[in-house]
Number of protein chains: 2
Amino acid sequence: MNTKRSRRPLTLRDVSEASGVSEMTVSRVLRNRGDVSAATREKVLTAARTLGYVPNKIAGGLASQRVNLVAVVIPSLSNMVFPDVLGGISAELDDTGLQPVVGVTNYSPSREDAVLYDMLSWRPSGVILAGLEHSRAARAMLDNAGLPVVEIMDVDGEPIDTAVGISHRRAGAEMADEILAAGYRRIGFIGTHMPEDHRARKRLAGFEERLGEHGLQLAAREYYQGGSSLLKGREMTERILAREPELDFLYFSNDMIGAGGLLWCMEKGYDIPGRLGLAGFNGVELLDGLPMRLTTTDARRIDIGRRAARLVAGKEPRPESGIIALAPTIMPGETIRKH
Amino acid sequence: MNTKRSRRPLTLRDVSEASGVSEMTVSRVLRNRGDVSAATREKVLTAARTLGYVPNKIAGGLASQRVNLVAVVIPSLSNMVFPDVLGGISAELDDTGLQPVVGVTNYSPSREDAVLYDMLSWRPSGVILAGLEHSRAARAMLDNAGLPVVEIMDVDGEPIDTAVGISHRRAGAEMADEILAAGYRRIGFIGTHMPEDHRARKRLAGFEERLGEHGLQLAAREYYQGGSSLLKGREMTERILAREPELDFLYFSNDMIGAGGLLWCMEKGYDIPGRLGLAGFNGVELLDGLPMRLTTTDARRIDIGRRAARLVAGKEPRPESGIIALAPTIMPGETIRKH
DNA sequence: CGCAATCATGTTACCGTTATCTTTTATGCC
DNA sequence: GGCATAAAAGATAACGGTAACATGATTGCG
């Protein structure tokens, strides 16, 4: 099966010699391009197989000026948000010959610049990146690169090329509507202290704005550092309720801390959703198994991934406006009163 | 800042002309290699910046016969286990100039072959892949490639080159010890029905073997299809207890379903850990916020990622045996009786 | 001051493919 | 059977960098 570990790496030439045809013909066979007779095709294929030849995309990419890679730049892996998006992207890219390559920025603009630079140096066929806020340098790079750029997750802003996402302002506002309609009035907010998480910021802005329209404002807010976890949700919930015991609703900036808050409140015997209502954001699978279903907003992650992928793959035309806005949809759950 | 969107992509030649030096000198500046005077360095850098030049790694890689990529091939992203591994890898690769590129196989051997083939066609500097079980074709490819290969997560088997992980047999056996020492005797198991999840299989084998040494065997087992979620954990727990109400312990093949099981049992009012003990596997952060801390085994994911990365980066020599076995460590939690 | 060592830069030849064009061979059709 | 046409294969020249070597400019030092 395996040839003795030859030191010199295999090239087209080796396959060409082994099968007695030109390198060009081998290349054609391996890429299924151009006319090759069934006989030679077979010869070449077996030669390639027995040698264990693996094409060199570095050389191929240089020669063809085309690389089947799509750069995907996102802030974080752990967020339990990203795997869904990537799932959507992969699913849609699967039959296009394009392959996603992921870069992670950790919500740092300078890391984002670096990651982008690095990705672009591979001359991908397209770029999908999270958010609409990018450094001047990043915008310039992307502009210059002259390839499809899809900014995902958010549509509240001016896309470089195309944007696919939900309006986080709207998501926040709609949740506010829901909460107010259910009669809650003393509302607290818990979120990360991350100036770079623009989407969380916009969500809160939309939320507060809507409260304002009803003559209300947040009765308390609590910010935390670092990653989101159930434990953090518990801590923050305890803290905010200790400070403001009269709150009748807690709006969490994501489901993970929302779930932590929910567990804590249930243990403490709070009457939910009667005495205290809760809501999160994202619509993650995790929530399905909680003792009580947390009300949340589905951020349409899979759809966003799919549409973004369709755009870079050219399966779908870029809309005139450059913006594809999906509707964030509230998933009622059981932690908010019926009205 | 940005030059008018020129159609022709920028090359070294453009920078060279703009700064009045040879392409070679530009190349040297951009890579910080070789001697260049401070003056020209500055000239080149500003030229590159104002043009918005991004190096072409395709061309560079071909010329230098060297690519700063490390292929990371894993079965799944959603597992909440691989993000940790990736974290460890990135952390350790950060100062080496190497960059991880992730491929996902969905536990399918044929997908694994395809992903590997694809990755190798980029001629990476090293490969990190999950598990010790690979197709003959995959082993041949890796053998042929002549680069460092680190198989991670598992050490129960024969590595192609080097392996870093824990012994899942041992992890299973040690958990069995713990459970037996606490006096539980009627033990049930809940896990995925995935013939390709070799690590889960080995864990169970080690577990059962140890039970056997004590003259016991599993009193019940329940397998499920598809992904692990809290909800699935609840369902499976309900099912196994309906079928075998006399069980006094449930060993879950991962923490997610373990957590689901725990929540269900608590709701049903089971006395835990008195009447019924529970244990999972992995040691994920999720567990920290549960109403009761689930007993589990820390699979050393971050350490595994780090060591693997150190090996491919050449920061650490390959051990004589080719195997780096980390110790799986039991995290007691509160769902198992004290003994 | 002269000569070797060092620094700074340039020249040339690939790296392993694929695009494009050319040549050779097979095929169809009246 | 001859000639237009298509199919199959090959030859050649990029693609955009970098390695390796060559060269010109400085510097150090007895």
Side-chain angles (χ1 to χ4, degrees), chain A residues 6-45 47-48 51 53-69 97 118 120-125 144-146, chain B residues 6-45 47-48 51 53-68 97 118 120-125 145-146:
Chain A
S6 55
R7 267 313 104 215
R8 193 178 42 70
L10 293 169
T11 72
L12 266 192
R13 153 146 259 115
D14 295 295
V15 183
S16 131
E17 284 169 357
S19 51
V21 301
S22 71
E23 303 170 43
M24 196 58 232
T25 301
V26 176
S27 172
R28 284 199 260 256
V29 170
L30 265 25
R31 287 177 301 145
N32 286 318
R33 210 166 302 271
D35 299 311
V36 183
S37 73
T40 43
R41 147 173 257 84
E42 216 39 58
K43 257 194 313 191
V44 168
L45 247 25
L51 288 175
Y53 172 74
V54 177
N56 183 332
K57 285 202 180 162
I58 300 282
L62 182 58
S64 66
Q65 298 285 68
R66 166 151 53 63
V67 170
N68 66 335
L69 258 29
D118 228 73
L120 289 179
S121 75
W122 289 104
R123 301 290 187 270
S125 302
N144 248 304
Chain B
S6 56
R7 268 310 105 215
R8 193 178 42 69
L10 292 169
T11 73
L12 265 194
R13 155 147 258 115
D14 296 296
V15 183
S16 131
E17 283 168 358
S19 52
V21 300
S22 72
E23 303 172 39
M24 195 61 232
T25 299
V26 176
S27 171
R28 281 198 264 257
V29 170
L30 265 25
R31 287 178 301 144
N32 284 319
R33 211 166 299 272
D35 300 310
V36 183
S37 72
T40 43
R41 148 174 256 83
E42 216 39 57
K43 255 192 316 190
V44 169
L45 248 25
L51 287 175
Y53 173 72
V54 177
N56 184 332
K57 285 202 179 161
I58 302 279
L62 182 59
S64 66
Q65 298 286 69
R66 177 150 43 67
V67 169
N68 66 336
D118 228 73
L120 289 179
S121 74
W122 289 104
R123 300 293 188 270
S125 301

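Only a predicted model underlies this, so the values are computations on that prediction, with no experimental measurement involved. Throughout, protein chains are lettered first and strands after them, A, B, ... in sequence-line order, and every chain is numbered starting at 1.
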- Query: What is the minimum heavy-atom distance between A:Tyr53 and A:Thr11, and which atoms define it?
  - Reply: CE1-C, 3.5 Å
- Query: Just by protein heavy atoms under 4.0 Å, how would nucleotides 3-19 of chain D read 5' to 3' in B, S and -?
  - Reply: ----SSBBB---BBBBB
- Heavy atoms of A:Val21 and A:Lys43 approach each other most closely as CG1-NZ, 4.2 Å
- Query: For B:Leu12 and B:Glu23, which heavy atoms make the closest approach, and how far apart are they?
  - Reply: CD1-O, 3.7 Å
- Message: Testing the basics here: between B:Leu62 and A:Ala59, what is the closest heavy-atom pair and its distance to 0.1 Å?
- Response: CD1-CB, 3.8 Å
- Does B:Lys57 come within less than 4.0 Å of A:Asp118, counting only side-chain N to carboxylate O? yes
- Message: When you measure from the side chain of B:Ser16 to the backbone of B:Ser22, do you find a donor-acceptor pair of N or O atoms at a distance under 3.5 Å?
- Response: no
- Message: Quick check: closest heavy atoms across B:Ile58 and A:Gly61, and the distance to 0.1 Å?
- Response: CG2-C, 3.9 Å
- Task: Provide the start and end nucleotides, 5' to 3', of the part of DNA chain C that has atoms under 4.0 Å from heavy atoms of chain A.
- Result: C:dG16 to C:dA19
